[in-house]
Undergrad: 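So that we are looking at the same thing, I have put the structure below in structure tokens.
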Amino acid sequence: MSRTKTWVDQPSAPAYAPPPGAIDAHVHVFGPEADFPFSPKAKYHPEDATPEMLFALRDQLGFARNVIVQASCHGTDNAATLNAIAKSGGAARGVAVVSPDIDDAELQKLHDGGIRGVRFNFLKRLVDDAPKDKFLNIARRIAPLGWHVVVYFEADILEELEPFLAAIPTTIVVDHLGRPDIAQGPGGADITRFVQLLDDHPNIWTKVSGAERLSPQGAPFDDFVAVIRPVVERFPDRVLWGTDWPHPNMEHRIPDDGTLVDVIPRIAPTAELQRKLLVDNPMRLYWPEQLG
Ligand SMILES: O=C(O)c1cc(C(=O)O)oc(=O)c1
């Protein structure tokens, strides 16, 4: 598998300046492969996207902190994610992917290394299997640590997944809004079902990220803004935002991270919504001990 590069080296400077303490709550690191080899089961083989590159991007875009989500290409070995968190000097925390047979000592080690959640991935193009019974067992075991669950799925399995989501005892964060079909527009079937899910389950949050993945129109993502802004306005205390750098699998439509940042004030049009989205909400999940 030849190595793929999915990010731009010099993103444009965004016009929008995030508030002080803003958190880019969905990023990944890849490798470096020489120190942290990819999983033999990985479905893509990326170039190295290192902690140093991530922190330079964070500073350039005007963010203060990151939440690093274990990428599927590293499987259940969280060493690359832990390495990046350790190098951040307190400016990053993370979400791990763990094996169902992980023991309590290893979970504690992840906690000590800055992990505050586990990710369950249901995308067939990214993982071979997604055992709901084993995931539920993990969810019950991480609850006492104060962690939450991050779930990545596509809109067509939402209905089938709802009983599983309802059984999870922690806060749940859905990645990239559960990938609704944005071409359906505001009021479309996918986003309507997703909003109903959040109405019915007060413990379910969402990342209002993924404009570059979900928008058929592409930049400046007018179609995404029209569908997603009402979601931010309806659930201001249950939304997070992230660039998704280094944008796994986006080699054919590589986004400009500066342009992505400029989507924020269009989906969260007031200073209060922006502060909740970028500071207050992610602080509650990832740095709760620093809240007054
Ligand atoms: O849609 C994707 O391809 C994708 C992949 C991964 C991952 O490989 O972990 O993470 C994401 O947030 C999105």
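As the structure lists them, so they are numbered: ligands from 1, and atoms in each ligand from 1.
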Undergrad: Show the atoms of ligand 1 that are less than 4.0 angstrom away from any heavy atom in S72.
TA: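 Listed by number with element: 7 (C), 8 (O), 9 (O).
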Undergrad: Provide the number and element of each atom of ligand 1 under 4.0 Å from a heavy atom of P248.
TA: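 What qualifies from ligand 1 is 3 (O), 5 (C), 6 (C), 10 (O).
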Undergrad: Considering non-hydrogen atoms of the protein only, which is the closest contact for atom 5 (C) of ligand 1, and what is the distance?
TA: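 Its nearest protein heavy-atom neighbour is L126 CD1, 3.4 Å.
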Undergrad: Which part of N121 is near ligand 1, with near meaning a heavy atom under 4.0 Å away: side chain, backbone, both or neither?
TA: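 Neither part.
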Undergrad: Number the atoms of ligand 1 from 1 as they appear, then name those within less than 4.0 Å of a heavy atom of R125, with their elements.
TA: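 Per the distance check, 1 (O), 2 (C), 3 (O).
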Undergrad: Does H74 have its ring centroid less than 6.0 Å away from the ring centroid of F38?
TA: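 Ring-ring flag for H74/F38: true, centres closer than 6.0 Å.
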Undergrad: Mark up the atoms of ligand 1 that fall under 4.0 Å of a heavy atom belonging to A71, in ascending order.
TA: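 Checking each atom against A71, I get 9 (O).
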Undergrad: Out of H247, R213, R179, whose heavy atom sits nearest atom 2 (C) of ligand 1?
TA: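 Considering heavy atoms of H247, R213, R179, the nearest to atom 2 (C) of ligand 1 sits in R213.
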Undergrad: Should the pair R3-D48 be classified as a salt bridge under the 4.0 Å nitrogen-to-oxygen rule?
TA: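 Yes, this pair counts.
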Undergrad: Name the closest protein heavy atom to atom 11 (C) of ligand 1, giving the residue it belongs to and the distance to 0.1 Å.
TA: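 Nearest neighbour among protein heavy atoms for atom 11 (C) of ligand 1, to 0.1 Å: R119 NH2, 3.3 Å.
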Undergrad: I want to know whether F30 and H45 have ring centres closer than 6.0 Å.
TA: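 Centroid distance F30-H45: not below 6.0 Å, so no.
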Undergrad: One residue to check: M250. Relative to ligand 1, which of side chain, backbone, both or neither has a non-hydrogen atom less than 4.0 Å away?
TA: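 Neither part.
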Undergrad: Answer yes or no: is there an ion pair linking R234 with D199, defined by an N-O contact shorter than 4.0 Å?
TA: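 Between D199 and R234 there is a salt bridge, with a charged N closer than 4.0 Å to a carboxylate O.
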Undergrad: How about F63 and F55: are their ring centroids closer than 6.0 Å?
TA: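 Here the rings of F55 and F63 have centres that are no less than 6.0 Å from each other.
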Undergrad: Charged N to carboxylate O under 4.0 angstrom, R179 versus D190?
TA: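 Salt bridge absent between R179 and D190.
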Undergrad: Assess the side chains of N66 and H26: does a donor N or O sit below 3.5 Å from an acceptor N or O?
TA: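 The criterion, which ignores hydrogens and geometry beyond distance, is not satisfied for H26 and N66.
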Undergrad: So, is H26 polar-close to ligand 1, with some N/O to N/O distance under 3.5 Å?
TA: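 Yes.
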